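Here the structure comes first, spelled out in structure tokens, and everything after it is commentary.
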Number of protein chains: 2
Amino acid sequence: MSTIKEISRKAGVSPTTVANVVYGRTTKVSPAIREKVQAILEAEKYTPNMGAMMLLRNNSKIIGVIMFTEPRHNETVLEDPFSSAILGAMEREIRSNGYYMMLYISSDEEEVVRLSKAWKMDGLVLVWVPGTICRIINSSIDVPLVYIDCFFNDEDHVYHNIGLEDRKGGYEVTKHLLSMGHTNIVFLPCNPIFPGGDSERFSGCKDAFAEQGMVLSDTARVPLPYDRTKREKIYMQLAGKDAGYTALVFSSDYYASEALTYLQEHGFRIPQDISITGFDDNIFSRLVTPRLTTVHQDSSKKGLLAIQMLMRLIQGQDVEPARVTLPIYLQIRDSVRKL
Amino acid sequence: MSTIKEISRKAGVSPTTVANVVYGRTTKVSPAIREKVQAILEAEKYTPNMGAMMLLRNNSKIIGVIMFTEPRHNETVLEDPFSSAILGAMEREIRSNGYYMMLYISSDEEEVVRLSKAWKMDGLVLVWVPGTICRIINSSIDVPLVYIDCFFNDEDHVYHNIGLEDRKGGYEVTKHLLSMGHTNIVFLPCNPIFPGGDSERFSGCKDAFAEQGMVLSDTARVPLPYDRTKREKIYMQLAGKDAGYTALVFSSDYYASEALTYLQEHGFRIPQDISITGFDDNIFSRLVTPRLTTVHQDSSKKGLLAIQMLMRLIQGQDVEPARVTLPIYLQIRDSVRKL
DNA sequence: CTGTTAGCGCGTTCAA
DNA sequence: TTGAACGCGCTAACAG
């Protein structure tokens with residue numbers, strides 16, 4: 001409510017003097033006046049008008065956080081602890097750096113560009129953006145951008161990304177399955193929310209087969225639909241004897257847990273009848289019985305690193321390397337049976 | 001980047017004319033010029049500068065979403081699907097109304113007031129704010145406020161709140177436990193994140209006892225600490241024979257699932273050795289084995305209704321009633337044993 | 001040490 | 001139908 005002008009009137013000094021006090025330019029204001037203005041400032045709870053700041057400085061201290069998702073999927077995307085952990089970590093780090101967080105969940109790149117300009121954003125974090133759209137965004141927005149879990153199909157730009165050893169994740173879990181005697185496995189990605197990462201993970205699965213002189217066919221990749229009842233049909237089908245698979249390899253603990261519970265309710269014993277593996281190592285993997293063998297990743301660290309990298313970029317510091325790949329490790333629990 | 005002034009220069013017309021085109025005042029601009037300006041507008045991807053708008057209109061179309069939480073708890077608050085469901089629903093509804101969402105997770109009311117003023121917010125949604133702080137916030141902020149799951153200890157203001165039949169929830173679950181023969185129960189709230197609601201729920205538990213001419217003592221209320229290992233000690237202690245309890249009544253599925261899994265890993269059979277109930281009926285309750293008997297609530301609806309109510313308030317419409325109480329129902333599953 | 005002023009982008013009012 | 005001028009809150013450059 002109270003503006004610099006009002007404060008200056010109440011204190012009987014000029015706006016500049018008030019601004020000097022606010023900005024801590026103690027050398028330019030006599031101590032007596034400083035005290036007096038300070039008191040009024042606090043009494044009136046003076047707060048700068050960010051609109052005026054935006055106009056003046058042509059920036060806003062706003063960090064845009066964009067979750068790129070299919071429109072229909074909006075409701076559930078945040079329910080995966082993976083997203084929430086990233087989000088929580090980012091909010092905290094943004095705030096502690098004195099910035100503000102604007103959250104936008106969508107898959108409309110035009111809108112993202114518009115948003116960043118309208119609000120004079122200082123930087124953006126983009127999660128799960130398809131490669132073709134990364135290119136568009138990178139050439140339309142001229143403030144620092146950091147991506148999380150994105151894959152780029154051009155080298156026209158320097159992309160800053162916080163990623164994961166996805167391929168290694170697929171490799172490790174498959175290698176483990178092979179060592180337990182599973183040669184008939186099927187990979188179930190959460191298509192199409194995370195296309196790049198899922199492809200990498202599947203490539204990792206193939207690597208493990210190749211290492212043993214075997215081949216994992218492309219037919220062993222069954223994307224899961226958004227509709228829950230359709231997914232459940234797929235679980236039943238793939239777990240059934242006719243399909244001939246001995247292990248279901250999921251790309252998230254969320255769906256792995258869902259499948260595990262659903263199959264148990266429909267007469268399957270895990271892992272005796274069918275083995276299941278997850279990906280993420282979040283709370284779901286520890287809650288189900290048997291606990292999931294899964295691939296560990298630290299998702300809140302992704303959010304933290306993304307903001308830290310963004311802050312460095314905003315301050316004009318060099319960031320090396322531009323692409324960070326966080327490590328994974330295999331977390332063996334009880335959902336895989338030795339054949 | 002491009003301003004009205006630039007566009008007007010490129011089109012060879014005045015800024016006013018461009019503004020008229022943008023604002024759709026077709027009567028004031030000749031069709032030929034309208035076409036021409038429109039084309040340039042689109043080519044340049046003109047976007048209004050929100051800073052200038054804020055200065056001009058003294059508002060910003062920003063809705064502040066404040067999650068009131070203990071500082072240390074920040075990392076985990078979003079991991080409970082309850083928070084994420086609310087958040088996701090709000091983001092979607094805010095956006096579809098043409099507003100912007102600023103997310104702030106903290107428990108510093110001064111900062112909230114400052115934030116709302118600095119950004120000329122059009123309204124705020126506040127989640128889990130203690131009653132004493134609601135009073136401070138309501139008298140310091142003069143834009144519409146909608147609370148979620150808050151309890152107020154004064155009637156100086158009209159508070160708008162989206163709440164839940166918390167007391168009924170406690171009552172229903174306890175009545176069920178009593179009907180199953182459980183008279184030695186203990187209530188475990190997630191102190192202190194949600195003080196008001198947990199008290200209500202505990203009162204509901206007492207109601208059910210009173211109805212049977214019995215008394216539930218205040219000692220049967222054990223708040224859970226934030227530290228996980230400390231919680232686990234409490235689980236073991238309360239589930240042990242010495243404590244004499246036959247059922248653990250949790251105030252969230254999150255902790256109920258944690259306890260259920262932990263106790264199972266340490267030799268307890270659920271529900272044979274000890275019964276467990278949850279609250280929320282979210283995905284956790286369906287994932288654990290046995291599945292949790294719990295109290296159902298629709299948390300994404302809370303977010304949706306909060307924003308819808310806020311929008312009505314912003315548009316100056318009357319909102320009746322000011323406090324909405326969403327219904328609960330008992331969801332009986334397999335975590336309670338008949339004694 | 002303190003006061004005055006220009007200008008950031010926008011929409012509106014008034015004059016041409 | 002169009003243009004010029006104003007003011008929203010703020011800061012920095014300049015004047016006193």
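Because the structure is predicted, anything quoted here is derived from the model rather than measured. Every chain is numbered from 1 and lettered A, B, ... according to where its sequence line falls, protein lines coming before strand lines.
Side-chain atoms of A:Ser8 never come within 3.5 Å of backbone atoms of A:Val18 as a donor-acceptor pair (strictly under, hydrogens ignored). Under the 3.5 Å distance criterion, the side-chain polar atoms of B:Thr69 are left unmatched by any main-chain donor or acceptor of B:Ser106.
B:Lys36 has its NZ atom 14 Å from the C1' atom of D:dT1, to the nearest Å. Atom P of nucleotide D:dG3 and atom CD1 of B:Ile7 are separated by 15 Å, given to the nearest angstrom. The nearest whole Å value for the distance from the CZ atom in A:Arg34 to the P atom in C:dT2 is 12 Å. The distance from atom CE of B:Met53 to atom C1' of D:dG7 is 16 Å, rounded to the nearest whole Å. D:dG9 atom C1' lies 12 Å from atom CE of A:Met50, rounded to whole Å. Atom CE in B:Met54 sits about 11 Å away from atom C1' in D:dC8, given to the nearest Å. At whole-Å resolution of the value, CG in B:Asn58 and C1' in D:dG7 are 13 Å apart. Rounding to whole angstrom units, CG of residue A:Asn49 and P of C:dG9 are separated by 16 Å.
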| message | Go through it in stages, so that I can follow the logic: the residues are A:Arg323 and A:Tyr147, the test is side-chain contact (heavy atoms from CB on, under 4.5 Å), and I'd like the CA-CA distance, side-chain angles, deciding distance and then a yes or no. | response | CA-CA 9 Å; A:Arg323 303 199 197 167; A:Tyr147 296 86; over 6 Å; no

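Taking 4.5 Å as the limit, every side-chain heavy atom of A:Val125 sits out of range of all side-chain heavy atoms of A:Ile86.
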| field | Sugar-phosphate or base contact per nucleotide [nucleotides 3-8 of chain C; S, B, -; heavy atom under 4.0 Å] | value | BB--BB

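Donor-acceptor pairing under 3.5 Å is lacking for the side chains of A:Asp122 and A:Tyr100.
Side-chain N/O atoms of A:Tyr46 include one lying less than 4.0 angstrom from OP1 or OP2 on D:dC10.
Just one residue in the list B:Ile63, B:Ile62, B:Val112, B:Ile137 forms a side-chain contact (heavy atoms from CB on, under 4.5 Å) with B:Leu124, and that residue is B:Val112.
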